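Just so you know, residue 1 is the first one in the sequence shown, and it goes up from there. Note that the structure is predicted; figures quoted are calculated from it, not measured.
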Amino acid sequence: MTQAQFAERTGWSKRMVSYFATGQRPMNPEAMYLAAMILNIQMEQLYEWEIVTK
């Protein structure tokens, strides 16, 4: 799925999808939920998670 197709399915602008895809803007939980539903993945899979221990 292209970013343009994804933008069309979500109703978001292509620019907003680009911001999310490049990490320039983080998604809020509602956006993450919608994206995960469209992509048929878990919300946690939208970002790479780094566990930091002290």
Side-chain angles (χ1 to χ4, degrees):
M1 175 181 309
T2 67
Q3 287 186 13
Q5 291 168 327
F6 187 76
E8 189 174 306
R9 291 198 59 193
T10 59
W12 302 332
S13 69
K14 293 178 197 174
R15 179 174 291 188
M16 185 57 68
V17 171
S18 177
Y19 286 150
F20 290 152
T22 60
Q24 293 178 7
R25 292 196 181 166
M27 291 179 150
N28 62 34
E30 293 83 7
M32 289 178 71
Y33 179 78
L34 178 58
M37 295 300 293
I38 289 172
L39 297 171
N40 196 32
I41 61 172
Q42 297 290 319
M43 287 173 49
E44 293 83 5
Q45 293 176 279
L46 292 168
Y47 288 97
E48 292 182 19
W49 301 92
E50 181 179 332
I51 298 174
V52 178
T53 59
K54 292 186 180 187

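Under the side-chain contact (heavy atoms from CB on, under 4.5 Å) criterion, Tyr33 pairs with Met37, Met43, not counting sequence neighbours. Listed by chain and residue number, nothing satisfies the side-chain contact (heavy atoms from CB on, under 4.5 Å) test with Glu48 (two or more places apart in sequence, or in another chain). The side-chain contact (heavy atoms from CB on, under 4.5 Å) check on Glu44 picks up Gln42, Trp49, with sequence neighbours excluded. Partners of Asn28 according to the side-chain contact (heavy atoms from CB on, under 4.5 Å) rule, which considers only residues two or more places apart in sequence or in another chain, are Glu30, Ala31.
A donor-acceptor contact shorter than 3.5 Å is absent between the side chain of Tyr47 and the backbone of Pro26.
In this structure the side chain of Leu46 never reaches within 4.5 angstrom of the side chain of Phe20, judged on heavy atoms. Counting heavy atoms from C-beta outward, Ile38 and Met1 have side chains that approach closer than 4.5 Å.
Among pairs with a residue in residues 5-18, those fulfilling side-chain hydrogen bond (donor to acceptor under 3.5 Å, both in side chains) read Thr2-Gln5, at least two apart in sequence or across chains.
In this structure, the separation between CE on Met32 and CG on Leu39 is 11.5 Å, given to the nearest 0.5 Å.
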